[in-house]
Amino acid sequence: MLKRALTNLMENAIFYGERCDIRLTEREDIVNIEIRDYGPGIPEAERERVFKPFVRLEPSRSRNTGGSGLGLGIARNIMHAHGGELRLDNHNDGGLVVNLLLPRKNQ
Ligand SMILES: Nc1ncnc2c1ncn2[C@@H]1O[C@H](COP(=O)(O)OP(=O)(O)OP(=O)(O)O)[C@@H](O)[C@H]1O
Ligand SMILES: [Mg+2]
């Protein structure tokens, strides 16, 4: 399931954002995987809507992809199933930043 979540997010990052950087940070209680890309990001007003099934942003950004609009919602469901979280932010220099927060032990 975690492989599926990471694959969905990396495919998005490379498709919508051309390339991505992935950073793993360990804390005492949490592992944080950050996936940052260099595309247009997602406007704040759309950041909850994109998790809904079949929601894709304006066609100019998504044309000819054959995507279904399911990947982000599936990734967030997988994180929740592991007691974790998925957060979306835009980077100050542009691009989407996805943070995956995973508890290191089941509490
Ligand atoms: N890294 C990103 N940068 C900019 N927009 C994004 C990014 N990731 C997702 N989006 C936007 O959010 C929408 C939903 O993403 P999601 O991954 O759920 O579906 P999809 O990529 O369209 O199709 P698929 O189900 O094949 O993943 C995308 O269509 C795109 O408009
Ligand atoms: Mg996708």
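For ligands, and for the atoms within them, numbers begin at 1 and follow the listed sequence.
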Below 4.0 Å from any atom of ligand 1, is there a heavy atom belonging to [X]?
X	answer
Asp37	yes
Gly41	yes
Gly69	yes

Checking contacts here: is it the side chain or the backbone of [X] that comes within 4.0 Å of ligand 1, counting heavy atoms only? Could be both or neither.
X	result
Leu70	both
Leu57	both
Val55	backbone

Straight-line distance of Met79 CE to Leu102 CG, nearest 0.5 Å: 3.5 Å

Nearest-0.5 Å distance that lies between atom CD1 in Ile35 and atom CG in Asn12: 9.5 Å

Nearest non-hydrogen partners of [X] and [Y], listed with the distance:
X	Y	value
Leu6	Ile33	CD2-CG2, 4.1 Å
Glu28	Arg104	O-CD, 3.5 Å
Leu72	Phe51	O-CD2, 3.6 Å

Polar contact flag for Gly71 and ligand 1 (N/O pairs, less than 3.5 Å): yes

Heteroatom proximity flag, Leu72 to ligand 1, N/O under 3.5 Å: yes

Pairs meeting criterion salt bridge (Lys or Arg N to Asp or Glu O under 4.0 Å) with involvement of residues 82-98, two or more places apart: Glu85-Arg87

Within 6.0 Å of CD in Glu46, more than 12 heavy atoms from elsewhere: yes

N, O or S atom of Asn8 closer to the Mg ion (ligand 2) than 2.8 Å: no

Atoms in ligand 1 with a heavy atom of Gly67 nearer than 4.0 Å: 23 (O), 26 (O)

